[in-house]
Amino acid sequence: MQKAYLKLDLANPQNGQYMLAVFHLVPESGDLLSTATEVAAESSTGSNMEVGTATDFSHSLDALVYKVDEQKNLVWIAYPWRLFDRGGNIQNILTYVVGNVFGMKEAKALKLLDVWFPPEMLEKYDGPACNIDNLREYLNVYDRPILGTIIKPKAGLTASQYAKACYDFWSGDGDFVKNDEPQADQDFCPYEQMVKSVKQAMDKAVEETGHKKIHSFNISAADFDTMIKRAELIKNTFEPGSYAFLVDGITAGWTAVQTIRRRYPDVFLHFHRAMHGAFTREENPIGFTNLVLAKFARLAGASGIHVGTSGVGKMAGSPDEDLIASRALLKFKSEGYFFSQEWGKISRVDEDSARIKTEDEVKKSTPILSGGLNPTKLKAIIDIMGTVDFITTMGAGVHAHPDGTKAGAMAVLQACEAYQKKIDINEYAQDHKELARAIEFFGAPKKPTENNQV
Ligand code: CAP
Ligand code: MG
């Protein structure tokens with residue numbers, strides 16, 4: 001037991017000085033309370049024992065275990081946020097809070113379930129500069145989700161084959177194309193050539209359809225100079241608004257995300273979360289939840305982050321888990337597993353806060369729904385979300401269409417029209433052949449099992 005890290009009578013943990021965290025903790029052998037103090041020590045100022053070099057001041061920065069639930073193995077810890085780098089640095093917070101602790105012998109299970117940021121702390125972090133509102137304005141699409149695709153195969157197309165697939169999707173009037181998460185500068189598809197070919201494809205599709213289009217380019221790379229080089233190439237090739245920057249936020253890292261957020265505040269920053277499952281899957285005893293990931297992504301300034309498909313698509317993730325993460329991105333105030341998070345200061349001083357925007361408010365971010373979706377699943381996912389404020393990207397769900405990518409895009413748009421007109425897609429398909437073929441191929445939509453709403 002490290003007593004300095006225990007304060008069960010902490011008067012008001014939400015007094016603004018602390019970032020709060022709730023962990024699920026199963027000790028290897030010791031009791032919950034003493035193991036919790038070991039976790040608090042290792043994730044803030046301490047080590048495995050008291051050191052002689054500690055000072056009164058260093059102790060004022062100790063994380064404090066302020067509540068435990070022995071039955072549920074839950075531990076509440078308050079971190080004085082003065083501990084953290086003054087530079088609004090997410091990687092620094094994570095290095096403390098979900099750093100060494102995951103390797104501690106004393107913990108058999110340790111999962112960060114929820115976090116709470118005090119308004120005083122929020123002010124020091126960037127938050128998103130752009131979000132879905134900027135995409136809507138550019139595309140002139142307001143009353144439906146942004147409809148996108150990921151080019152498949154995931155890798156292996158040449159630059160011109162890749163661009164042809166983009167063109168086909170856009171000419172079927174899809175809005176948004178994204179590079180898949182491993183897209184880089186491969187020998188069979190040199191980056192510069194890919195960018196140039198996409199530009200030609202976009203110009204042609206815009207001219208033919210009369211609608212603006214967006215491409216999200218993966219700029220993740222081995223080093224920041226290369227990332228910036230890729231970003232500059234895109235910036236110098238495309239008109240503002242027509243491109244987004246995708247960063248593989250976990251494999252390239254939070255510093256990559258924050259660098260791009262700060263250098264390019266005018267560009268939609270697309271956070272792909274590949275590898276998150278190692279931390280977030282429910283069956284993993286060690287890690288953090290998708291809610292925690294979404295909250296840190298919003299704090300860092302991601303314009304949008306993948307949040308799964310609430311059980312509708314191919315990836316693991318329950319409706320509740322994915323919806324709770326979506327709400328944390330979209331709402332000014334959202335309920336997490338343990339904390340009610342407000343993304344600004346205003347409601348503390350004004351009861352009518354929801355309708356007032358001030359400079360203190362952290363902008364919303366955007367849920368990106370992807371993974372195993374196809375046109376027949378669009379209604380289910382909109383119903384579950386209870387909002388159209390999201391981007392959806394369907395990869396195989398478009399390119400596997402028996403009549404090709406353009407027909408796949410048309411089927412997505414038709415499924416969306418059916419939704420907007422409140423017509424069953426089977427009925428709408430009677431005079432929309434691309435949708436009919438999609439239903440024939442992917443199967444008729446199943447009734448949603450959940451009806452939670454964002
Ligand atoms: C989807 C996808 C996305 C996943 C990531 C893929 O393709 O491109 O990376 O959605 O998962 O490669 O699987 P499909 P998540 O549409 O062909 O499934 O969004 O849950 O982070
Ligand atoms: Mg992908």
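Just so we're clear, the structure is a prediction, and the values are computed from it rather than from any experiment. Whatever order the structure lists ligands and atoms in, that order sets their numbers, starting from 1.
Of all protein heavy atoms, the one lying nearest to atom 21 (O) of ligand 1 is R273 NE, 2.8 Å. Scanning the protein for heavy atoms near atom 19 (O) of ligand 1, the closest one is H306 ND1, 2.8 Å. Scanning all protein heavy atoms for the shortest distance to atom 2 (C) of ligand 1 gives K152 NZ, 3.7 Å. Counting protein heavy atoms only, atom 4 (C) of ligand 1 is closest to S370 OG, 4.0 Å. Looking from atom 17 (O) of ligand 1 to the surrounding protein, the closest heavy atom is A396 N, 2.8 Å. In terms of protein heavy atoms, atom 13 (O) of ligand 1 is closest to K314 NZ, 2.5 Å. Counting only heavy atoms of the protein, atom 18 (O) of ligand 1 lies nearest to G372 N, 2.6 Å. Protein heavy atom in closest approach to atom 5 (C) of ligand 1: H272 NE2, 3.8 Å.
Taking the ring centre of F217 as origin, the terminal cationic atom of R230 falls outside the region bounded by 6.0 Å and 45° from the ring axis.
Applying the 4.0 Å criterion to heavy atoms of M394 picks out, from ligand 1, the atoms 16 (O). Using a 4.0 Å cut-off to heavy atoms of K154, the atoms of ligand 1 that qualify are 6 (C), 12 (O).
Summary: OD1 is the N/O/S atom of D180 found nearest to the Mg ion (ligand 2). Looking only at N/O/S atoms, E181 comes nearest to the Mg ion (ligand 2) through OE1.
Any N or O atom pair closer than 3.5 Å counts here, and G395 shares at least one such pair with ligand 1. Where the criterion is an N or O separation shorter than 3.5 Å, residue side chain and backbone included, G397 fails it with respect to ligand 1. Polar contact check, M315 against ligand 1: no nitrogen or oxygen pair lies under 3.5 Å apart. Between I368 and ligand 1, no pair of N/O atoms sits closer than 3.5 Å.
More than 12 non-hydrogen atoms from other residues, nucleotides or ligands lie less than 6.0 angstrom from CD of Q161.
Remark: R144 engages D175 in a salt bridge, criterion side-chain N to carboxylate O under 4.0 Å. Electrostatic pairing of K213 and D173 counts as a salt bridge here, judged by a charged N lying under 4.0 Å from a carboxylate O. Of the charged side-chain nitrogens involved, none lies within less than 4.0 Å of a carboxylate oxygen, so that E434 and K406 do not count as a salt-bridged pair. Ion pair D424/K379 not flagged as a salt bridge, since none of the NZ, NE, NH1 or NH2 atoms sits closer than 4.0 Å to an Asp/Glu carboxylate oxygen. Between D389 and K364 there is a salt bridge, since a side-chain N of the basic residue sits under 4.0 Å from a carboxylate O of the acidic one. Comment: D225 does not engage K229 in a salt bridge, judged by the lack of any side-chain N to carboxylate O separation of less than 4.0 angstrom.
Side chain of S303 to main chain of C130: a donor-acceptor pair is present (N/O by atom type, distance under 3.5 Å, no hydrogens or angles). Between the side chain of N218 and the backbone N or O of E181, at least one donor-acceptor pair lies under 3.5 Å.
Between Q193 and Y162, the side chains place no donor N or O within less than 3.5 Å of an acceptor N or O (distance only, hydrogens not considered).
Looking at L369 against ligand 1, nothing comes within 4.0 Å, counting heavy atoms.
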